[in-house]
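All remarks here apply to the structure that follows.
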Number of protein chains: 2
Amino acid sequence: MSDKQTFSISELAKEFDVTTRSVRFYEDQGLLRPSRRGQTRIFSSKDRVRLKLILRGKRMGFSLAETKELFDLWDETLSGNEKQLLLMLETLARKRDQLEQQKNDIAQAEMEMETAEARCREALEELQKKKQQATA
Amino acid sequence: MSDKQTFSISELAKEFDVTTRSVRFYEDQGLLRPSRRGQTRIFSSKDRVRLKLILRGKRMGFSLAETKELFDLWDETLSGNEKQLLLMLETLARKRDQLEQQKNDIAQAEMEMETAEARCREALEELQKKKQQATA
DNA sequence: AAAATACTTTACGTTTACGTAAACTTTATC
DNA sequence: GATAAAGTTTACGTAAACGTAAAGTATTTT
């Protein structure tokens with residue numbers, strides 16, 4: 001199934017639950033590079049991986065431009081010149097800091113949500129007591 | 001320092017490194033509710049907390065509308081009626097699922113960045129070897 | 001061969017989250 | 001009392017990420 005070689009635009013759109021409009025937009029912005037049979041786009045499994053990365057990036061709050069930068073940088077990195085390799089390492093380090101920040105944010109949010117939930121449950125119990133008193 | 005009771009718009013903007021424009025915009029959208037002395041906004045420490053939450057929300061990929069919903073919901077929750085309490089609990093549960101998803105995304109991203117970094121380092125070592133061969 | 005289906009390009013519209021400028025008031029400083 | 005500094009409202013502008021037609025092509029199904 002997933003080791004399929006090529007994909008139509010609607011196959012990808014369906015699989016990842018996005019519109020074809022979005023997929024075409026991502027190509028427009030240089031994030032995907034499908035080949036063509038006539039006019040029709042043919043997406044490779046590499047495109048598929050990239051689409052997955054794009055969407056994960058979005059969920060993590062990355063802009064398309066940021067994601068594109070990473071893609072481009074990685075492509076150049078593969079060309080194997082030293083300067084590009086070092087640049088990539090720097091970029092990776094910065095992104096890691098971002099991820100650390102996000103993990104902190106999430107941890108904080110989780111804690112606050114736990115205390116919020118606890119308060120809700122307490123308040124609910126209070127209400128139950130009053131109900132019982134009313135019936136007594 | 002931080003137990004100050006009131007804040008001017010520029011104090012808050014400076015502390016959180018945002019523009020006054022943004023702060024006013026957040027008020028416009030109903031996320032902050034400063035009082036006034038004449039025309040001038042006076043922010044409470046509650047507003048300050050909310051601003052912090054807004055910005056963390058943004059880093060986590062939340063829209064202002066989403067954050068506002070949470071604020072409003074929490075305000076109504078405090079009014080203590082049962083329906084609101086249950087609604088809040090539901091909402092908290094959904095948000096938790098979101099956080100789980102984000103944690104997964106981050107974990108994945110971290111793994112991929114590690115392998116990317118490893119590849120870079122390998123490629124660099126290759127280059128070093130070739131350099132040595134060239135000098136030999 | 002007619003109709004439905006899937007794809008295409010072009011292009012204007014929309015929402016979010018502000019930026020930026022203009023014109024004005026209030027408060028602090030020299 | 002002038003002038004700078006910090007605040008205000010009003011309003012138009014903008015970048016990002018698509019939505020939404022319009023109008024056409026290509027293929028498949030009936």
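As a basis for the values below, the full set of heavy atoms in this structure was taken, side chains included, without hydrogen atoms, waters or symmetry mates. Computed from a predicted model, the values in this text were never measured in an experiment. So that the names make sense, note that chain A is the first sequence line, chain B the second, and so on, each numbered from 1.
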**Study point:** Pairs meeting criterion salt bridge (charged side-chain N to carboxylate O under 4.0 Å, His left out) with involvement of residues 120-130 of chain A, two or more places apart
**Key:**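 Matches after skipping sequence neighbours: A:Glu117-A:Arg121.
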
Exercise for review: With sequence neighbours excluded, give me every salt bridge (charged side-chain N to carboxylate O under 4.0 Å, His left out) pair touching residues 82-92 of chain A.
Suggested key: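 Only A:Glu82-B:Lys131 qualify under salt bridge (charged side-chain N to carboxylate O under 4.0 Å, His left out).
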
What pairs with [X] under salt bridge (Lys or Arg N to Asp or Glu O under 4.0 Å), at least two apart in sequence or on another chain?
{"X": "B:Glu11", "value": "B:Lys4"}
{"X": "A:Glu100", "value": "A:Lys103"}
{"X": "B:Asp47", "value": "none"}

Exercise for review: Give the B/S/- string for nucleotides 4-18 of chain D, one per nucleotide from 5' to 3', where a protein heavy atom under 4.0 Å of the base yields B, of only the sugar-phosphate yields S, and otherwise -.
Suggested key: --SSBB-B-----BB

Check your understanding: Taking atom P of C:dC7 as reference, at what distance in whole Å does atom CZ of A:Phe7 sit?
Key ->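 Taking atom P of C:dC7 as the reference, CZ of A:Phe7 is at 14 Å.
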
